2 protein chains.
Amino acid sequence: MKNCECPGAEKLHGRFRGCGYRMTAGREAVIKVLQETQEHLSADEIFSKARVINPDIGLTTIYRTLEKLSMMGEVHKLDSGDKRGRFELANSGKGHHHHLVCSRCNRIIDYDDFIDDEVRLLKEMEKKLSKKYNFAISGHLIQFYGVCDKCK
Amino acid sequence: MKNCECPGAEKLHGRFRGCGYRMTAGREAVIKVLQETQEHLSADEIFSKARVINPDIGLTTIYRTLEKLSMMGEVHKLDSGDKRGRFELANSGKGHHHHLVCSRCNRIIDYDDFIDDEVRLLKEMEKKLSKKYNFAISGHLIQFYGVCDKCK
DNA sequence: CCTCCTGATGAAAATGATTTTCAATAAGAA
DNA sequence: TTCTTATTGAAAATCATTTTCATCAGGAGG
């Protein structure tokens with residue numbers, strides 16, 4: 001097995017193939033960009049960074065890749081309040097976390113403090129709600145809105 | 001005081017004036033539509049319903065009114081997964097509730113079951129997070145995603 | 001290593017929700 | 001009633017995202 005700087009892409013190759021899809025240079029670039037950032041990038045920002053790796057990639061491919069990864073559950077699409085979507089890898093080193101969203105600058109801050117208490121309650125809620133509403137819960141979104149330190 | 005079928009609008013008149021804004025027929029129509037629905041309407045749907053009350057109203061006014069109400073904290077803008085925004089009155093009869101969002105049909109279901117436990121935890125989180133991140137928290141968004149009974 | 005099927009791609013056009021522009025209108029304080 | 005200025009509708013502009021379509025390239029099977 002060759003030395004791959006992009007171990008996640010290696011794993012994702014299999015996931016793609018398993019779904020009848022292919023791993024391509026463009027997709028690898030998108031995945032690499034997502035793995036190397038700590039921010040919550042928009043499609044356009046991912047496009048800029050992916051171009052450094054693969055100058056021929058088109059914005060369309062960024063959108064198509066994000067959509068596939070999103071359907072595969074490998075990427076979460078976030079809504080930061082400005083009109084464009086923002087994306088983060090579901091299985092990055094970050095672990096389970098939620099978001100603080102600044103209403104003024106739209107910055108998204110990750111937090112995982114007290115996450116255990118939160119997750120415990122969420123699991124309970126999920127169980128109760130899915131029974132009562134006959135709703136198959138597959139994920140959740142927890143965010144606090146407000147004004148961040150820089151904008152105060 | 002005249003008999004007003006639209007008591008919330010009455011209250012909101014004052015809020016508008018207090019901000020240096022005016023209460024107009026168009027705004028009243030938007031508020032009335034929001035008060036009379038149980039659903040989570042898009043701007044366009046609000047437009048259709050508001051036209052019944054005030055046939056001359058334009059879509060632009062709907063957007064402008066929603067934006068003002070939103071900034072005043074009287075309306076919450078929701079993201080249901082399809083690309084258009086959906087809106088709900090913050091102070092309707094519904095009380096504090098959160099959402100179940102169907103990933104398939106984008107329907108949004110309100111729930112207020114076990115809300116007290118949730119709110120208790122959220123308040124605690126808010127206090128701890130705002131201190132740690134020096135972040136002035138003004139609201140939260142809690143949603144569970146999944147597939148609703150009708151789509152299963 | 002070669003072939004072929006089919007998924008993937010980029011560029012350009014299309015879409016569709018939301019915003020802006022602008023001249024005309026109307027709230028509401030004085 | 002007057003006057004200031006917020007508000008309005010229509011049309012044009014934005015802008016993120018999607019679709020179209022002709023071309024290209026993974027990768028399974030030989």
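Computed over heavy atoms, backbone and side chain alike; hydrogens, waters and symmetry mates excluded. All figures in this text were calculated on a predicted structure; none of them were measured in a lab.
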Contacts of Ser42(A) that satisfy side-chain contact (heavy atoms from CB on, under 4.5 Å) - sequence neighbours left out: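 Checked Ser42(A) against side-chain contact (heavy atoms from CB on, under 4.5 Å); matches are Asp44(A), Glu45(A), Arg84(A), Arg86(A).
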All N/O contacts under 3.5 Å from nucleotides 27-30 of chain C to the protein, with atom names and distances to one decimal?
unit_1, atom_1, unit_2, atom_2, d
dA27(C), N3, Arg22(B), NH1, 3.4
dA27(C), N3, Arg22(B), NH2, 3.4
dG28(C), OP1, His13(B), NE2, 3.3
dG28(C), OP1, Met23(B), N, 3.3
dA29(C), OP1, Arg17(B), NH2, 3.1

Check the distance between [N]'s [atom2] and [X]'s [atom1] and give it to me in whole angstrom.
X: Ile62(A); N: dA8(C); atom1: CD1; atom2: P; value: 15 Å
X: Glu67(A); N: dG7(C); atom1: CD; atom2: P; value: 16 Å
X: Arg84(B); N: dT19(C); atom1: CZ; atom2: C1'; value: 18 Å
X: Leu69(A); N: dA8(C); atom1: CG; atom2: C1'; value: 14 Å
X: Lys83(B); N: dA14(C); atom1: NZ; atom2: P; value: 16 Å
X: Arg15(B); N: dA6(D); atom1: CZ; atom2: C1'; value: 18 Å
X: Asp79(A); N: dT18(C); atom1: CG; atom2: P; value: 11 Å
X: Asp82(A); N: dT18(C); atom1: CG; atom2: C1'; value: 13 Å

Any Tyr63(A) side-chain nitrogen or oxygen under 4.0 Å from OP1 or OP2 of dT18(D): no
Below 4.0 Å: OP1/OP2 of dA8(C) and any side-chain N or O of Arg27(A):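 The answer is yes; a side-chain N or O of Arg27(A) sits under 4.0 Å from OP1 or OP2.
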Derivation and outcome, side chain to side chain donor-acceptor pair (under 3.5 Å), residues Glu118(B) and His97(B): CA-CA 10 Å; Glu118(B) 258 191 12; His97(B) 63 272; over 6 Å; no
Presence of salt bridge, Asp113(A) and Lys128(B), under 4.0 angstrom: no
Check ion pair Arg107(B)-Asp149(B) (N to O, under 4.0 angstrom): yes
Sorted by number, the residues of residues 41-60 of chain A with heavy-atom contact under 4.0 Å to DNA chain C: Asp56(A), Ile57(A), Gly58(A), Thr60(A)
Residues from residues 101-110 of chain A lying under 4.0 Å of DNA chain C - heavy atoms: none
With sequence neighbours excluded, residues passing salt bridge (Lys or Arg N to Asp or Glu O under 4.0 Å) with Asp110(B):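 Partners of Asp110(B) by the salt bridge (Lys or Arg N to Asp or Glu O under 4.0 Å) criterion, ordered by chain and then number, come out as Lys94(B).
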Residues that Asp117(B) engages under salt bridge (Lys or Arg N to Asp or Glu O under 4.0 Å), provided they are two or more places apart: Arg120(B)
Identify the two heavy atoms, one from [X] and one from [Y], that lie closest to each other, and give their separation to 0.1 Å.
X: Ala43(A); Y: Leu59(A); answer: O-CD1, 4.1 Å
X: Ala29(B); Y: Asn54(B); answer: CB-CB, 4.3 Å
X: Lys152(B); Y: Phe135(A); answer: NZ-N, 4.0 Å

Polar contact flag, side-chain donor to acceptor under 3.5 angstrom, Gln143(B)-His140(A):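 No, His140(A) and Gln143(B) have no side-chain donor paired with an acceptor closer than 3.5 Å.
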Any Tyr111(A) side-chain heavy atom under 4.5 Å of Leu129(B) side chain: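 The answer is yes, as the side chains (C-beta and beyond) meet within the 4.5 Å cut-off.
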N/O donor-acceptor pair under 3.5 Å between Thr37(B) side chain and Val33(B) backbone: no
Of the listed nucleotides dC22(C), dT20(D), dT18(D), the one nearest the side chain of Arg64(B):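 Per side-chain heavy atoms of Arg64(B), the pick is dC22(C).
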Sugar-phosphate only, base, or nothing, as touched by Lys68(B) at under 4.0 Å among non-hydrogen atoms: sugar-phosphate
